Amino acid sequence: MSAVLPAQVKEWLDAHEVVTVATVLPDGQPHLSVVWAKYDGEDILLSTLESRQKFRNLLQEPRATVLIFPLSNPYVYAELRGITTMTREGGRALIDELSQAYLGEPYPEEPPEEVRIVVRLKVDKVAGRAR
């Protein structure tokens, strides 16, 4: 069952706060990455490359957690837990959109062998101190 994203989480994403995504390594240890994100309805969208560890982790174990908080007040936060799906479709478009939002410029070109992925987190639990 999907959870509803708190309005404050949407505000933080609209303000381009960075997020940390946690995935599970093959040995069971957590793996954390700081990434850009946006929301699509009640889902969180992230971008990665097929060559990255988080992609390999999510292929093996699709559960993930995203942590978001404003840099101005890290004691107010939201932990968003759920199951991910991944697709190549729209991968380059998403990273370009996120780069424009976070940096105000296009994302640099990548080598042709790099494959950009859209990670969609369907949030099923929201925890933390967000309103």
Side-chain angles (χ1 to χ4, degrees):
M1 184 164 131
S2 294
V4 175
L5 290 179
Q8 193 168 50
V9 168
K10 291 180 177 181
E11 290 172 20
W12 292 336
L13 289 169
D14 288 339
H16 315 302
E17 297 287 353
V18 297
V19 307
T20 301
V21 60
T23 61
V24 181
L25 288 163
D27 69 359
Q29 290 290 313
H31 176 262
L32 302 173
S33 298
V34 176
V35 297
W36 298 331
K38 66 176 268 185
Y39 61 91
D40 180 31
E42 304 304 315
D43 297 344
I44 302 294
L45 300 183
L46 312 169
S47 179
T48 193
L49 295 169
E50 284 187 353
S51 61
R52 298 281 169 84
Q53 184 65 51
K54 64 182 149 293
F55 173 77
R56 294 189 302 273
N57 293 346
L58 291 170
L59 279 178
Q60 176 183 311
E61 171 55 77
R63 291 179 299 165
T65 299
V66 166
L67 177 69
I68 184 169
F69 58 87
L71 289 176
S72 62
N73 186 2
Y75 302 107
V76 179
Y77 65 93
E79 179 185 348
L80 312 168
R81 299 180 200 157
I83 303 294
T84 60
T85 56
M86 298 187 289
T87 182
R88 290 178 173 181
E89 186 176 330
R92 182 63 201 196
L94 177 60
I95 195 61
D96 284 335
E97 179 184 350
L98 291 170
S99 184
Q100 284 292 343
Y102 281 84
L103 301 177
E105 59 189 50
Y107 197 77
E109 287 298 317
E110 295 168 316
E113 66 273 10
E114 293 285 11
V115 179
R116 192 50 72 177
I117 300 296
V118 174
V119 177
R120 178 177 293 272
L121 177 70
K122 177 136 326 259
V123 179
D124 57 33
K125 179 161 177 65
V126 177
R129 301 178 65 191
R131 293 181 272 116

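Please read these numbers as outputs of a predicted model, since none were measured by experiment.
Between Asp43 and Val123, the closest heavy-atom pair is OD1-N, 4.4 Å. Across all non-hydrogen atoms, the minimal contact from Ser33 to Lys54 is OG-NZ, 3.6 Å. Contact record, Gly41 with Leu5: O-CD1, 4.0 Å, taken as the closest heavy-atom pair. Considering all non-hydrogen atoms of both residues, Val76 and Trp12 come closest at O-CH2, 3.5 Å. The heavy-atom pair separating Arg92 from Glu110 by the smallest distance is NH1-OE1, 3.5 Å. Heavy-atom minimum distance, Ala127 versus Arg81: CB-NH2, 4.3 Å.
With sequence neighbours excluded, no residue satisfies side chain to side chain donor-acceptor pair (under 3.5 Å) with Lys125.
Note that the NZ atom of Lys38 and the CD1 atom of Ile44 stand 11.0 Å from one another [nearest 0.5 Å]. Note that NZ of Lys10 is 12.5 Å distant from CD1 of Ile68, once rounded to the nearest 0.5 Å. Atoms CZ and CG, from Arg52 and Asn57 in turn, are 13.0 Å apart once rounded to the nearest 0.5 Å. Asp40 contributes atom CG, which lies 4.5 Å from atom CZ of Arg120 (distance to the nearest 0.5 angstrom). Summarising the geometry, atom CD1 belonging to Ile95 is positioned 5.0 Å from atom OH belonging to Tyr107; distances are rounded to the nearest 0.5 Å. A distance of 6.5 Å separates CD in Glu17 from OG in Ser72, rounded to the nearest 0.5 Å.
At distances below 3.5 Å, not a single donor-acceptor pair connects side-chain atoms of Arg63 with backbone N or O atoms of Gly82. In this structure a side-chain-to-backbone donor-acceptor pair under 3.5 Å is missing from Tyr75 to Phe69. Remark: the backbone N or O of Leu67 is not paired with any side-chain donor or acceptor of Glu79 at under 3.5 angstrom. With hydrogens and angles ignored, the 3.5 Å screen pairs no side-chain donor or acceptor of Thr84 with any backbone N or O of Leu121.
Environment of CZ in Arg116: crowded, with over 12 heavy atoms of neighbouring residues, nucleotides or ligands closer than 6.0 Å. Few gaps surround CD on Glu113; more than 12 heavy atoms of other groups in view lie less than 6.0 Å from it.
In this structure, a donor-acceptor pair under 3.5 Å is absent between the side chains of Thr23 and Glu61.
The aromatic rings of Tyr102 and Trp36 sit parallel, their planes meeting at an angle under 30°, below the 60° perpendicular limit.
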